[in-house]
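Just so you know, these numbers come straight off a predicted model, no measurement behind them.
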2 protein chains.
Amino acid sequence: MAISERKKKILAAVVDEYIRTAEPVGSKAIAQSGCLNCSSATIRNELAELVAMGYLEQPHTSAGRVPTPMGYRMYVNELMEKQKLSLEETEEMNRRLNQKLQELDTTISDVSRLASQLTDYPALALTARSAVTVRRFDLIYVDANTFIIVLTLSSSVAKSKLVHLPVSVDQSMVQRLSSLFNSGFTGIEENQITPLLINSTERAADDTMGLTSVIAAFVIETLTEASTPTAYVSGENRLLNQPEFRDPDKAHRLMSYLSGGGYILPPAEGLESSGEVRVLIGPENVAEELKDSSVIVASYDAGDNTRGLIGVVGPTRMDYSAVAAKLSFLAAGLSRRLSSGSAPPEGMHNKLIIKGDDPNEHR
Amino acid sequence: MAISERKKKILAAVVDEYIRTAEPVGSKAIAQSGCLNCSSATIRNELAELVAMGYLEQPHTSAGRVPTPMGYRMYVNELMEKQKLSLEETEEMNRRLNQKLQELDTTISDVSRLASQLTDYPALALTARSAVTVRRFDLIYVDANTFIIVLTLSSSVAKSKLVHLPVSVDQSMVQRLSSLFNSGFTGIEENQITPLLINSTERAADDTMGLTSVIAAFVIETLTEASTPTAYVSGENRLLNQPEFRDPDKAHRLMSYLSGGGYILPPAEGLESSGEVRVLIGPENVAEELKDSSVIVASYDAGDNTRGLIGVVGPTRMDYSAVAAKLSFLAAGLSRRLSSGSAPPEGMHNKLIIKGDDPNEHR
DNA sequence: GTTGGCACTCTCAACTTCCGAGTGCTAATA
DNA sequence: TATTAGCACTCGGAAGTTGAGAGTGCCAAC
């Protein structure tokens, strides 16, 4: 059965009102809201039909109506007015985003924190790096017992490590290893680093002290770390602001789940363009713990064909429109700053390093 | 007025029982617990006096007694039996500690998570690095537009950064800068890096492209970061396990405070030897938000004359004895692994890098 | 100094009552 | 045929009531 225009309006009104008040919505409230010119009785009839159709439900006879997941779905897909952020809001967000991105390194987890602050829901951020390889090796000889490994990754990040040795090495050995690693270990992914490769390098370098395996271990570690998606969760405690989580047990369940990490995300994969937003309502989530919560995620482009996610978790009664707008904005801002060219994500703070900043900015 | 031996026993019994059950403790319960041979009436008399002395209080007439902060303080200082960890417990903790420390980098925040898991309270870890300087500079020339900065810090950690340039530089310039920084910027603290110093270096290097300031900025950033204490909080949500935080508002208040970072710690400074434990009970805390919670912290030695803290937060009704034992053990373990010599905290995973591992281990 | 006994207090859980919001239905109306 | 006004009915939740039980303080006896 098709849903009439008026029913849509009524459904939208119910969802809006419920999002605002967290209380079941009665026919009278809708009649008074003024967007329809008809009496509460008419609306009651319509409401009854919307219940029959599965868009709404009643907690009990003679309470107001509450949207079902199906109702929210309809709302998200067709009814809600896509919220435009006000000028002040975008400025505020830009300001804070810039501020965050000026700090180094922990960018992504900071953005997750920012998302949580802006939406007042728990937020999560997921990096999803794809294949990373070593582009270049440098070994710096410090003294007979110490050298530094410097790896330049395909993602244009340099990682280094200081190694102390219980035995002494000479400079020529370090040099030999450096060139061997540069030819043998660059451009390959972590899973292509086999014991065989390590052994042959060790023999070729005439290394009897196990230096090769130290270096190889660092390479494997670094590549694994760089290509493993990690999830950052922040603001779990904001859940307690929501009336539906006044039950400490319920809140605790979800919060532990969230703290546990981001097993939330399998269903959220497959977002294409950055800034695109996906909404998962209640039972649409695969995780049991999320079956009566909603997740909103936006994807961002981190360069190198990799994309990450930022999102928030809340009760099904979420302000989908506002949250979606904010996340989308954040994701887009993040993409602009991270993806363009192959500039390193960290430290765009200096004027000199201007590669691929926001193309809309005139400088 | 001095407190009699029997009163101490009774007080200890009340605290123990209250820690166990979170319910006010009645005279009968103590009489039956069997550690005193006297009737409940006698105990009632003693209890009344303990109330008068300020060690206990009654939520209302005709409820059992509950310890006051002063009562807890007495308990912690004199009465509680210092809990010994069982063999299984220490083994389990060692196992997990080793496991954590094999992973790199995020060690401290991992240990905080571990502390939270072990105690089932929210935990925090604070690094408190002191003055850090650069010990050595290396600039690696990659191509005309790219070079890598490698800083070796006095804390025996190497930090690196890949720099892309919009202009081209020649190798000799990079070399010049490298030696200038090595002579001018090593061994000094962040606050000694003045615009004057930067300017003179710039002129000496004949650098018209601002490379000097890029490098200097990275140095400042790195030193600042390395010497700024950071706090990691984990397991905030475990608070909800405690009956005293069943009120979501109360829980929320404390959790937000914790998520905000570690302003908790000023009062906890001044712990000397590592593994030493300090207990702050209720109003002894300076932070308003902690006035009816307790904090237990243990200090660890991170080498280089720096010490950090790990601790947990919970209701005043905490199992002080068990928690203190566990934290002390964790802190000691952490110290052993971090402090000895100047071995880098990260990556003890390889047999080769054996500097200053647990001296009790025979290998 | 210790104990048993007893009257008293106060909380908490269970139960009851009652109000009002909101419904569904019916009959009247446009 | 769609809408509206009116009305009886339902049900949840707040407020009030009650009773049981745990625990106390105090007194008199040991």
Can you list everything that forms a salt bridge (Lys or Arg N to Asp or Glu O under 4.0 Å) with [X]? Sequence neighbours excluded, please.
X	value
B:R253	none
B:D292	B:K250
A:E289	none

Can you tell me the distance, in whole Å, between the [atom1] atom of [X] and the [atom2] atom of [N]?
X	N	atom1	atom2	answer
A:Q58	D:dC11	CD	P	11 Å
B:N37	C:dT2	CG	C1'	13 Å
A:L47	D:dT4	CG	P	14 Å
A:E49	C:dG24	CD	P	11 Å
B:K7	C:dG1	NZ	P	11 Å
B:R65	C:dT9	CZ	P	17 Å
A:N45	D:dG6	CG	P	16 Å
A:I43	C:dG24	CD1	P	13 Å

Taking only residues at least two apart or on different chains, which pairs with a member in [range] satisfy salt bridge (Lys or Arg N to Asp or Glu O under 4.0 Å)?
range	value
residues 72-81 of chain B	B:K8-B:E78, B:R73-B:E284
residues 24-48 of chain A	A:R6-A:E46, A:K7-A:E46
residues 311-323 of chain B	B:E244-B:R317

Extract all donor-acceptor atom pairs below 3.5 Å that involve side chains of residues 11-24 of chain B and protein atoms in other chains or at least two apart in sequence.
| residue | atom | partner | partner atom | Å |
| --- | --- | --- | --- | --- |
| B:D16 | OD1 | B:Y75 | OH | 2.7 |
| B:E17 | OE1 | B:R20 | NH2 | 3.4 |
| B:E17 | OE2 | B:R20 | NH2 | 3.1 |
| B:T21 | OG1 | B:E17 | O | 3.0 |
| B:T21 | OG1 | B:E23 | N | 3.2 |

Pairing residues for B:T90 by the side-chain contact (heavy atoms from CB on, under 4.5 Å) criterion, not counting sequence neighbours: B:L85, B:L87, B:F329
Test of understanding: with side-chain contact (heavy atoms from CB on, under 4.5 Å), list the residues that count as partners of A:S116, not counting sequence neighbours. A:A123, A:R238
Under 3.5 Å, N/O pairs linking protein and nucleotides 4-7 of chain C:
| residue | atom | partner | partner atom | Å |
| --- | --- | --- | --- | --- |
| C:dG5 | O6 | B:R44 | NH2 | 3.0 |

Smallest separation among heavy atoms of B:L36 and B:K9, with atom names: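 B:L36 and B:K9 have their closest heavy atoms at CD2-CB, 4.0 Å.
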Check the interface with nucleotides 10-16 of chain C: list each N/O to N/O pair with the protein under 3.5 Å, or write none.
none

Are B:D120 and B:K326 ion-paired here, with the side-chain N under 4.0 Å from a carboxylate O? no
What residues in residues 13-32 of chain A put a non-hydrogen atom under 4.0 Å from any atom of DNA chain C? A:G26, A:S27
